[in-house]
Amino acid sequence: APETLALRAAAAAAIVEIDQRLTAWAALGSVLQGLSLGSVLLLAAIGLAITFGVMGVINLAHGEMVMLGAYATFMVQELFRTFAPGWFDWSVLVAIPAAFLLAGAVGVAIERGIIRFLYGRPLETLLATWGISLVLRQAVRTIFGPTNREVGNPSWMSGAMDIGGDVVLTYNRIWIIVFALMVFALLIFIQRRTRFGLQMRAVTQNSAMARSMGIRSARVDALTFGPGSGIAGMAGVALSQIDNVSPNLGQGYIVDSFMVVVFGGVGNLWGTLVGGFTLGILNKFLEPYAGAVLGKIFVLIGIILFIQWRPRGLFALRGRAAES
């Protein structure tokens with residue numbers, strides 16, 4: 001009957017509309033989850049982008065700086081639980097500068113004690129920083145043990161926001177996105193508006209010319225490696241809120257951090273921002289279809305092909321050093 005056919009057509013159209021809405025909500029959920037993952041990658045990679053861009057050092061111990069930041073958060077929270085349990089909600093805010101100082105101090109010690117003797121020798125630097133990463137992981141295992149450590153979420157980072165269409169974004173991930181963007185904005189300000197930022201950009205573009213103009217490049221290297229490691233420590237604070245705190249925490253992000261830096265352009269902060277969020281969103285879109293591991297493999301293959309086309313990444317540095 002015509003009524004039956006019309007009813008079937010209306011039902012089919014309604015099903016198509018529902019499927020389209022569900023697909024749109026799923027895509028929005030993947031974008032939001034990708035932004036969350038991208039903010040973590042941005043925090044983990046931005047310090048690496050600075051040190052790699054200024055010093056040309058491939059630091060395989062960068063993941064351990066992230067791990068030290070996570071354990072600094074654990075230690076700060078233990079102090080709050082013991083001496084000021086009523087102020088526990090402030091523990092994460094106190095852990096941020098503590099993690100920055102701890103990881104930054106370790107980074108300066110590594111640069112002054114080992115890396116400064118290996119400039120211009122990339123293979124020895126790789127081996128040295130790999131050995132440092134093993135030492136740091138074993139030291140943490142000896143002090144804290146090999147098992148995961150409990151790091152709690154303050155009340156203002158607990159809970160979730162129901163956006164609609166079964167899309168839920170937890171408050172801790174929202175705060176991590178905000179925190180990553182705040183750190184990025186601060187670094188852009190330092191790089192563009194301060195004397196040290198000008199010196200850092202000069203050393204990045206042409207170290208020999210910067211030295212001839214009176215810039216103490218060795219001092220800039222040390223002052224760059226320290227804050228770069230400190231930012232990785234702050235990434236550890238963020239990761240401690242969404243991941244297990246263990247001696248192997250940093251190893252899960254070091255490869256992704258290098259991919260972000262290479263994809264965005266070595267030494268370019270805007271490239272790191274775009275690269276982090278792009279890879280985070282790509283991973284989240286691929287995971288439902290290929291799985292987490294296979295999705296990362298596809299992303300890695302895509303980056304390899306992209307680098308064949310643009311060897312200097314999305315945002316290549318300008319200057320004599322970039323062209324040499």
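Everything quoted here is computed from the prediction, not taken from an experiment.
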Side chain proximity check, Phe184 to Ile46, heavy atoms < 4.5 angstrom: yes
Using the rule given for side-chain contact (heavy atoms from CB on, under 4.5 Å), can you reason through Leu187 versus Ile231, listing the C-alpha separation, both sets of side-chain angles and the distance that settles it, and then say yes or no? CA-CA 10 Å; Leu187 287 175; Ile231 294 169; 3.5 Å; yes
Decide whether Ser158 and Asn153 meet the rule of one side-chain donor and one side-chain acceptor closer than 3.5 Å. no
Between Thr170 and Asn172, is any side-chain donor less than 3.5 angstrom from a side-chain acceptor?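 Yes, side-chain donor-acceptor contact under 3.5 Å.
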Test item: [X] side-chain N/O and [Y] main-chain N/O as donor-acceptor pair under 3.5 Å:
X      : Y      : answer
Gln77  : Gly152 : yes
His62  : Ala45  : no
Ser240 : Thr73  : no
Arg121 : Glu124 : no
Ser212 : Met209 : yes
Arg116 : Arg112 : yes
Asn283 : Leu279 : yes
Asn244 : Ser246 : no
Arg141 : Gly145 : no
Ser133 : Ala61  : no

Just verifying a value: how many Å separate [X] [atom1] and [Y] [atom2], rounded to the nearest 0.5 Å?
X      : Y      : atom1 : atom2 : value
Leu127 : Ile132 : CG    : CD1   : 11.0 Å
Phe74  : Arg149 : CZ    : CZ    : 4.5 Å
Phe277 : Leu41  : CZ    : CG    : 9.5 Å

Of Val260, Ile254, Asp256, the one forming a side-chain contact (heavy atoms from CB on, under 4.5 Å) with Phe258 is Ile254
With Asp243, the side-chain contact (heavy atoms from CB on, under 4.5 Å) member among Asn148, Leu249, Val40, Val151: Leu249
Taken in chain and number order and not counting sequence neighbours, the residues that satisfy side chain to side chain donor-acceptor pair (under 3.5 Å) with Gln251 are Glu64
Other than Phe83, which residues form its hydrophobic cluster under the rule that side-chain heavy atoms must be closer than 4.5 Å? Leu79
